[in-house]
Amino acid sequence: MKALEDKILKEGTVLPGNVLKVGSFLNQQMDSDFIMDIGREIARLYEGERVTRILTVESSGIAIAVAAGIALHVPSVFAKKHKSANMPKEVYTAPVYSYTHKETYEIAVAKEYIGKGDKVLIVDDFLANGNAVRGLIGIIEKAGADLAGCAIAIEKGFQGAGDELRAQGIRVDSLAIVDSMDESGVIFRAQ
Ligand code: 5GP
């Protein structure tokens with residue numbers, strides 16, 4: 001998605017530790033129109049796939065998951081990272097090591113929101129080492145649902161997880177794939 005690559009080049013900054021900061025449009029501040037463009041692009045890619053639910057993990061994936069859900073006219077569900085009082089007892093869980101926080105969370109989705117007969121599209125803002133996506137795939141498997149694929153805004157291709165998942169036969173669509181990045185700039189994979 002050329003517009004996403006342009007936005008990353010214009011507004012993104014590379015932080016130490018291979019972290020790409022896109023707080024001005026995707027993470028902390030969200031560019032509403034642009035988020036909807038991302039959602040429509042994801043919907044275009046999965047139009048004929050009979051997706052019944054979008055699944056993401058809180059919190060940074062939620063905005064584009066909702067945008068994709070609006071465009072596909074299906075509900076968006078997010079996995080919670082922290083136990084809360086209003087979380088039902090019946091949950092599917094999976095451990096996920098967080099790339100940005102350097103700790104392991106138990107992510108959880110209430111059983112009532114995902115199940116057999118669902119065709120689930122995973123949506124996330126970043127794909128780095130693939131831990132978040134693998135945790136979400138684990139939850140889909142436990143629920144007995146089918147995986148439609150993974151739609152990612154920004155894949156950090158140099159970390160390898162996207163290509164590993166593709167090699168396993170999992171559909172992964174990333175709207176921008178970063179091949180390399182440092183303080184002097186970002187280089188994208190031609191798609
Ligand atoms: P993974 O589980 O694939 O290693 O990392 C994916 C998660 O870590 C994403 O949900 C995202 O929130 C966060 N993340 C990974 N790399 C980056 C990055 O370079 N920038 C930002 N803003 N978040 C990242």
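Values in this document were obtained by computation on a predicted structure and should not be read as measured data. Atoms within each ligand, like the ligands themselves, are counted from 1 in listed order.
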Practice prompt. With rounding to the nearest 0.5 Å, note down the distance linking CG in Asn18 to CG in Asn129.
Written response: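 Atom-to-atom, Asn18:CG and Asn129:CG are 9.5 Å apart.
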Worksheet item: Going from CD1 on Ile152 to CD1 on Ile122, what distance comes out if it is rounded to the nearest 0.5 angstrom?
Response: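 Output value for this atom pair is 7.5 Å.
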Discussion item. Do Val178 and Phe188 make a side-chain contact, defined as non-hydrogen atoms from C-beta onward lying under 4.5 Å apart?
Written reply: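 They are in contact (side-chain heavy atoms under 4.5 Å apart), so the answer is yes.
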Worksheet item: Going by heavy atoms in the side chains, are Tyr105 and Val57 under 4.5 Å from each other?
Response: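 Not touching, per the 4.5 Å side-chain cut-off.
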Item to complete: Have a look at ligand 1 and work out which part of Asn131, if any, has a heavy atom under 4.0 Å from it: side chain, backbone, both or neither.
Response: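 Asn131 to ligand 1: contacts from backbone and side chain alike.
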Worksheet item: Backbone, side chain, both or neither: what part of Ser60 comes under 4.0 angstrom of ligand 1, heavy atoms only?
Response: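 Side chain only.
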Sub-3.5 Å N/O-N/O distance, [X] and ligand 1:
{"X": "Val133", "result": "no"}
{"X": "Leu20", "result": "yes"}
{"X": "Met181", "result": "no"}

Worksheet entry | ligand 1 contacted by Lys156 (non-hydrogen, < 4.0 Å) |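 Yes, that is the case, since the closest heavy atom of the residue is under 4.0 Å from the ligand.
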Worksheet entry | Gly61 to ligand 1, any heavy atom closer than 4.0 Å |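 Under 4.0 Å: no for Gly61.
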In terms of residue, atom name and distance, what is the protein heavy atom nearest to [atom]?
{"atom": "atom 5 (O) of ligand 1", "result": "Ala128 CB, 3.6 Å"}
{"atom": "atom 8 (O) of ligand 1", "result": "Tyr99 CB, 3.9 Å"}
{"atom": "atom 6 (C) of ligand 1", "result": "Phe126 O, 3.6 Å"}
{"atom": "atom 2 (O) of ligand 1", "result": "Ala132 N, 2.8 Å"}
{"atom": "atom 13 (C) of ligand 1", "result": "Thr100 CG2, 3.9 Å"}

Shortest heavy-atom approach to [atom] - which of [options]:
{"atom": "atom 10 (O) of ligand 1", "options": "Asp124, Leu26, Val19, Leu127", "value": "Asp124"}
{"atom": "atom 11 (C) of ligand 1", "options": "Asn18, Asn129, Asp125, Leu165", "value": "Asp125"}
{"atom": "atom 22 (N) of ligand 1", "options": "Ile154, Leu136, Asn27, Val57", "value": "Asn27"}

Worksheet item: Do any N or O atoms from the side chain of Ser76 and from the backbone of Ala65 form a donor-acceptor pair under 3.5 angstrom?
Response: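 Present.
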Item to complete: Could you point out which residue of Leu175, Asp125, Val22 forms a side-chain contact (heavy atoms from CB on, under 4.5 Å) with Ile154?
Response: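 Among the candidates, only Val22 passes.
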Worksheet entry | Arg171: which of Leu121, Leu165, Leu45 passes side-chain contact (heavy atoms from CB on, under 4.5 Å) |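 The single option meeting the side-chain contact (heavy atoms from CB on, under 4.5 Å) with Arg171 is Leu45.
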Worksheet entry | Residues Glu47 and Arg44 bridged, charged N to O under 4.0 Å |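 Here Glu47 does not pair with Arg44 in a salt bridge, since their nearest N and O are not under 4.0 Å apart.
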Practice prompt. Going by the side chain to side chain donor-acceptor pair (under 3.5 Å) test, name the single residue among Gln29, Lys10, Glu11 that passes it with Ser24.
Written response: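 Testing each of Gln29, Lys10, Glu11 against Ser24, the sole residue satisfying side chain to side chain donor-acceptor pair (under 3.5 Å) is Glu11.
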Practice prompt. Measure from NZ or CZ of Lys7 to the centre of the six-membered ring of Phe25 and say whether it is under 6.0 Å with the direction within 45° of the ring axis.
Written response: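 So Lys7 does make the cation-pi contact.
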